[in-house]
Amino acid sequence: MAVLGGIERGGGVALWRQIEEALASEIARGVYTADAPLPTEGQLALRFGVNRHTIRRSIAGLKGRGLVRVEQGRGAFLADHAIDYAVGARTRFSENLLQQGRLPAHHTLRLVEDLPPPPEAARALRLKPNEPVVFLEAVGSADRRPVSLSASYFPAARLPGIAAALRTHGSITAALDSLGYGDYRRRTTRVTARLPTEEERHHLRLLEGRPVLVTESINVDRSGAPLSYAVARFAADRVQLVLET
């Protein structure tokens with residue numbers, strides 16, 4: 001019985017099925033990344049010592065199991081499994097992901113203090129045009145894959161110490177909790193959809209033509225005073241918003 005590339009010839013199991021199982025095992029172990037194609041048909045054929053038709057049957061099997069998607073002219077990619085992202089009175093990024101067995105992470109792109117607020121942020125936070133805000137831009141990831149790009153504004157005078165708290169904790173929820181606002185709630189959320197800008201495509205690693213879901217939200221304290229105004233852009237093929245009532 002000959003063994004080549006980890007598959008057995010003459011072992012009673014079709015070669016394409018053995019290759020399918022080998023690739024499925026590698027997908028489960030995280031060998032491949034979501035934003036890069038699997039090896040080409042030619043590369044896989046060389047690796048396993050088979051022809052391309054056999055590889056095509058293996059890829060078709062993976063596609064039928066919902067493990068990969070095939071894009072004409074680009075190859076096979078890991079299938080996108082959208083995250084159910086709950087939007088309600090208590091919306092928390094990390095909690096949403098942890099409840100689904102995902103690993104949440106935040107990467108701060110910019111943290112700016114004493115910034116004049118844009119008009120929409122001033123209105124949402126009930127500020128005068130020249131009242132300063134703290135601005136935070138960050139990428140939120142699930143299992144090391146970017147799913148959101150957010151721009152958040154905080155009233156500097158109403159939340160003294162918020163910039164330092166954001167630097168220390170790296171999380172909006174943890175930062176607000178450290179200042180005594182752990183019970184903040186979402187007052188409003190507006191949802192729209194559009195094509196991304198080049199910057200959004202870059203940070204979210206979006207393929208050409210993939211849209212973003214945009215949420216515009218206001219969080220408030222117990223008294224109803226605004227604590228933050230945020231605009232978040234979600235990769236629409238990785239996140240589906242679930243509106244809680």
Asks: Considering all heavy atoms of both residues, which atom of F93 and which atom of P104 are nearest to each other, and what is their separation?
Replies: CE2-CB, 4.2 Å
Asks: Check whether any side-chain heavy atom of L213 lies under 4.5 Å from a side-chain heavy atom of L241, and answer yes or no.
Replies: yes
Asks: How many angstroms lie between CG in L136 and OG in S152, if you round to the nearest 0.5 Å?
Replies: 5.5 Å
Asks: L44 versus L23: any side-chain heavy-atom pair under 4.5 Å?
Replies: yes
Asks: Check each of T108, I172, L176 against L166 using the side chain to side chain contact (heavy atoms under 4.5 Å, CB included) test, and report the only one that passes.
Replies: I172
Asks: Report yes or no: do L227 and V87 belong to one cluster of Ile/Leu/Val/Met/Phe/Trp/Tyr joined by side chain heavy-atom distances under 4.5 Å?
Replies: no
Asks: Specify the closest pair of heavy atoms between Y229 and I218, including all atoms of both residues, with the distance to one decimal.
Replies: CD1-CG1, 4.1 Å
Asks: Kindly give the heavy-atom pair with the smallest separation between R233 and S150, and that separation in Å.
Replies: NH2-C, 3.8 Å
Asks: Any non-hydrogen side-chain atom of R90 less than 4.5 Å from a side-chain atom of E244?
Replies: no
Asks: Identify whether NZ of Lys or CZ of Arg in R92 sits under 6.0 Å from the centre of the six-membered ring of Y184 and within 45° of that ring's axis.
Replies: yes
Asks: How far apart are the closest heavy atoms of R126 and R158, and which atoms are they?
Replies: O-NH2, 4.0 Å
Asks: Do Y85 and S148 touch side chain to side chain, with heavy atoms closer than 4.5 Å?
Replies: no
Asks: Ignoring hydrogens, what is the shortest heavy-atom contact between P146 and L204? Give both atom names and the distance.
Replies: CG-O, 3.8 Å
Asks: Apply ring-ring contact (aromatic ring centres under 6.0 Å, His included) to H203 and list each qualifying residue two or more places apart in sequence or on a separate chain.
Replies: none
Asks: For a 4.5 angstrom cut-off between non-hydrogen side-chain atoms, does E21 reach Q18?
Replies: no
Asks: If I take atom CZ from residue R17 and atom CZ from residue R57, how far apart are they, to the nearest 0.5 angstrom?
Replies: 8.0 Å
Asks: Could you walk me through whether E113 and R167 pass salt bridge (charged side-chain N to carboxylate O under 4.0 Å, His left out), step by step?
Replies: CA-CA 12 Å; E113 299 183 58; R167 287 194 188 93; 2.8 Å; yes
Asks: Are R194 and E200 ion-paired here, with the side-chain N under 4.0 Å from a carboxylate O?
Replies: yes
Asks: Could you tell me whether the side chain of S178 and the main chain of A165 form a donor-acceptor pair under 3.5 Å?
Replies: no
Asks: Do R201 and T197 meet the criterion of a side-chain donor-acceptor pair at a distance under 3.5 Å?
Replies: no
Asks: Can you check side chain to side chain contact (heavy atoms under 4.5 Å, CB included) on R185 and V220, steps first, answer last?
Replies: CA-CA 6 Å; R185 61 182 178 83; V220 299; 3.8 Å; yes
Asks: side-chain hydrogen bond (donor to acceptor under 3.5 Å, both in side chains) between E26 and Y32: does it pass, once the steps are laid out?
Replies: CA-CA 7 Å; E26 291 175 348; Y32 306 108; 2.4 Å; yes
Asks: Please assess N96 against I83 for the test side chain to side chain contact (heavy atoms under 4.5 Å, CB included), listing each intermediate value before the final yes or no.
Replies: CA-CA 9 Å; N96 271 343; I83 299 167; over 6 Å; no
Asks: Could you please spell out the steps behind the side chain to side chain contact (heavy atoms under 4.5 Å, CB included) verdict for E41 and R56?
Replies: CA-CA 7 Å; E41 288 181 0; R56 289 191 195 103; 3.1 Å; yes
Asks: Show your working on salt bridge (charged side-chain N to carboxylate O under 4.0 Å, His left out) between R210 and E208 and close with a plain yes or no.
Replies: CA-CA 6 Å; R210 297 296 176 91; E208 186 73 38; over 6 Å; no
Asks: With sequence neighbours excluded, tell me which residues meet side chain to side chain donor-acceptor pair (under 3.5 Å) with Q72.
Replies: none
Asks: Show your working on side chain to side chain contact (heavy atoms under 4.5 Å, CB included) between V112 and V134 and close with a plain yes or no.
Replies: CA-CA 6 Å; V112 184; V134 172; over 6 Å; no
Asks: Between S25 and A22 (side chain of the first, backbone of the second, donor and acceptor by atom type, cut-off under 3.5 Å), is there such a pair?
Replies: no
Asks: Rounded to the nearest 0.5 Å, how far apart are NE2 of H169 and NE2 of H106?
Replies: 14.0 Å
Asks: Between L109 and V133, is there a shared hydrophobic cluster once you connect ILVMFWY residues whose side-chain heavy atoms come closer than 4.5 Å?
Replies: yes
Asks: Measure the spacing between CD of Q99 and CG of D84 and express it to the nearest 0.5 Å.
Replies: 11.0 Å
Asks: Could you check whether any side-chain heavy atom of L103 comes within less than 4.5 Å of a side-chain heavy atom of L97, counting everything from C-beta outward?
Replies: no
Asks: Between CG of D177 and CG of D183, what distance do you get to the nearest 0.5 Å?
Replies: 8.5 Å
Asks: In this structure, would L78 and L206 fall into the same cluster of hydrophobic residues linked by side-chain contacts under 4.5 Å?
Replies: no
Asks: Are L149 and Y153 connected into the same hydrophobic cluster when the rule is that any two of I, L, V, M, F, W, Y join if their side-chain heavy atoms are below 4.5 Å apart?
Replies: yes
Asks: Would you kindly confirm whether L111 and L159 end up in one hydrophobic cluster when ILVMFWY residues are joined by side chain heavy atoms under 4.5 Å apart?
Replies: yes
Asks: Is the shortest heavy-atom distance from the side chain of R238 to the side chain of R145 under 4.5 Å?
Replies: yes
Asks: Which atom names give the shortest non-hydrogen contact between P196 and V212, and what distance separates them?
Replies: CB-CG1, 3.9 Å
Asks: Just so I know, are the side chains of V68 and F77 near enough to count as touching, which here means a heavy-atom distance under 4.5 Å?
Replies: no
Asks: To the nearest 0.5 Å, how far apart are CD1 in I19 and CG in L62?
Replies: 10.5 Å
